[in-house]
Undergrad: 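I have a structure I would like to understand better, so I am pasting it below and will then ask my questions one at a time.
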Amino acid sequence: MKKILSFLPKVAGLLFILSLTGCLNYYQETKLYPDGSGTMHIDYWMKIMNPESEKVIESIGLFNADSIRNEFFSMYSKIENVVVFKDTTDSTTHAQIDLSFTHIDSLNKSTAFADAQFSFKEGAAGQIVFTQFIPPIATGFGIDASKFFVTYKYIFSGDIITHNAQEFSGRTLTWHYALSEIEGGKTISATFRPFKLKETPIWIYVLSGAVLLLVVFFLFSKKRR
C-alpha cells in the first residue's frame, strides 16, 4: 500500500489529501497457486469531500487509470483490468485493479510493490513459506491513523500449516490492520503444503483398471477357443 500512496510525488500532498478526505482503505485479495503463480484483485478507496482535494488527487493520478497501470506494470505480470468509479451510496472514489502473475516474487519488480518484499520459498519437506511485508505509512497533521485500514486476503492452493493471520477459514487467510497498528511495518506469513500441480484424478485409475481387466478377459477368452 505504501507504494500506492507513494506514487503521489510529494508526501505533503498525500497528508493534505488525507486531512481533507478523512479515510483511505486498501483491500488486496490474492489466489496463490503451488508454482507461485496466481491472480490478485486490489480495491482502494477514499472519500473526496470537496473540490480542493479532488483537484489535488487528479493532479497526482491516484485515481487515474493510466497512472495506475504504470505503477503496477511488470514484465512478469499482466494487468487484466483497471476500473475507477465513484460510489454514490457513500461518496467514495474507488480504484480497482485485477492482475495475474507468473510468480509472486516478480511483483517486487513493479513500482507499486517495490517495498512489499514478496517471498515464496521452499521450507520443510513438501512445504512452501510465503511472506509479504507491509511497510509503515507515515501520517501527521492530526490525522487519526486508526481510521485507515488495510486488508490482505490470501487463498492458498494447499493445506495451511502455520500462519500469523487474524482470520483462518479452510484455505483462506485474512490480515486486517488499522494504520496505527502497522507502526514500523508488518510481515504477514504462512506456511502451506501445496497440492500437486497435475494430480491424476482417481477416475482415470478406475477407468484404466477396468480397460485392463477387459483386455485380460478378452485374451483369456480367445485362448480358450
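Below, all heavy atoms of this structure are taken into account, side chains as well, without hydrogens, waters or symmetry copies. This one's a predicted model, so the numbers in the text were calculated from it and none came from an experiment.
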Undergrad: Sequence neighbours excluded and cut-off under 3.5 Å, please list the side-chain donor-acceptor pairs for residues 153-162, or say none.
TA:
unit_1, atom_1, unit_2, atom_2, d
Tyr154, OH, Gln28, NE2, 3.1
Tyr154, OH, Gln132, OE1, 2.5
Ser157, OG, Leu32, O, 3.4
Thr162, OG1, Thr191, OG1, 3.3

Undergrad: Given side chains that start at C-beta, do those of Asp98 and Thr39 come closer than 4.5 Å, heavy atoms only?
TA: no
Undergrad: Can you confirm whether Ser77 sits close enough to Leu107 that some side-chain heavy atom of one is under 4.5 Å from a side-chain heavy atom of the other?
TA: yes
Undergrad: Are the side chains of Asn70 and Ile68 in contact, using a 4.5 Å heavy-atom criterion?
TA: no
Undergrad: With Phe113, which of Phe73, Phe118, Phe133 fulfils ring-ring contact (aromatic ring centres under 6.0 Å, His included)?
TA: Phe118
Undergrad: Is it true that, when you exclude Tyr76 itself, more than 12 heavy atoms of the residues, nucleotides or ligands shown sit nearer than 6.0 Å to its OH?
TA: no
Undergrad: Which heavy atom in Ile79 sits nearest to a heavy atom in Arg69, and how many Å separate them?
TA: CD1-O, 3.4 Å
Undergrad: How far apart are the closest heavy atoms of Pro135 and Ile182, and which atoms are they?
TA: O-CG2, 3.7 Å
Undergrad: Distance check, rounded to the nearest 0.5 Å: Gln117 atom CD versus Thr131 atom OG1?
TA: 8.0 Å
Undergrad: Decide whether Val83 and Met40 are clustered together by the hydrophobic rule: side chain heavy atoms of Ile, Leu, Val, Met, Phe, Trp, Tyr closer than 4.5 Å, transitively.
TA: no
Undergrad: Grab the two heavy atoms, one from Val129 and one from Gly123, that are nearest each other, plus how far apart they are.
TA: CG2-CA, 4.0 Å
Undergrad: Take Tyr26 and Tyr152 through the ring pair (Phe, Tyr, Trp, His ring centres under 6.0 Å) test and state the conclusion after the steps.
TA: CA-CA 8 Å; Tyr26 175 87; Tyr152 297 81; 5.7 Å; yes
Undergrad: Does Phe130 share a hydrophobic cluster with Phe168, counting links as ILVMFWY side-chain heavy atoms below 4.5 Å and allowing steps through other members?
TA: yes
Undergrad: Would you indicate whether the side-chain heavy atoms of His94 and Asp43 approach each other to under 4.5 Å?
TA: yes
Undergrad: Specify the closest pair of heavy atoms between Pro194 and Gly126, including all atoms of both residues, with the distance to one decimal.
TA: CD-O, 3.3 Å
Undergrad: Please identify each residue that fulfils side chain to side chain donor-acceptor pair (under 3.5 Å) with Asp87, with sequence neighbours left out.
TA: Thr89
Undergrad: Using every non-hydrogen atom in the two residues, find where Leu173 and Ala190 come nearest and quote the distance to one decimal.
TA: CD1-CB, 3.5 Å
Undergrad: Measure the shortest side-chain to side-chain distance between Trp45 and Tyr27 over non-hydrogen atoms and say whether it is less than 4.5 angstrom.
TA: yes
Undergrad: Which residues satisfy the side chain to side chain donor-acceptor pair (under 3.5 Å) test with Ser37, sequence neighbours excluded?
TA: Asp35
Undergrad: Has Glu181 got a side-chain atom pairing as donor or acceptor with Ala178's backbone, closer than 3.5 angstrom?
TA: yes
Undergrad: Should Thr92 and Met46 count as side-chain neighbours, where that means a heavy-atom distance under 4.5 Å?
TA: no
Undergrad: Nearest heavy-atom pair of His163 and Ala165: which atoms, and what distance?
TA: ND1-N, 3.1 Å
Undergrad: For His103, which residues count as a side chain to side chain donor-acceptor pair (under 3.5 Å) partner, sequence neighbours excluded?
TA: none
Undergrad: Backbone N or O of Asp105 within a donor-acceptor pair of the Asn108 side chain at under 3.5 Å?
TA: yes
Undergrad: Applying side chain to side chain donor-acceptor pair (under 3.5 Å), name anything that partners Ser100, two or more places apart in sequence or on another chain.
TA: Glu80
Undergrad: Look at the side-chain heavy atoms of Ile, Leu, Val, Met, Phe, Trp and Tyr, link any pair under 4.5 Å apart, and say whether Phe85 and Val82 land in one connected group.
TA: no
Undergrad: Quick one: side-chain hydrogen bond (donor to acceptor under 3.5 Å, both in side chains) pairs with a partner in residues 165-176, sequence neighbours left out?
TA: Thr151-His176, Asn164-Trp175
Undergrad: Mind checking the CG-CD1 spacing from Leu99 to Ile42? Nearest 0.5 Å is all I need.
TA: 5.5 Å
Undergrad: A side-chain contact here means heavy atoms from C-beta on lying under 4.5 Å apart; do Ile188 and Tyr177 qualify?
TA: yes
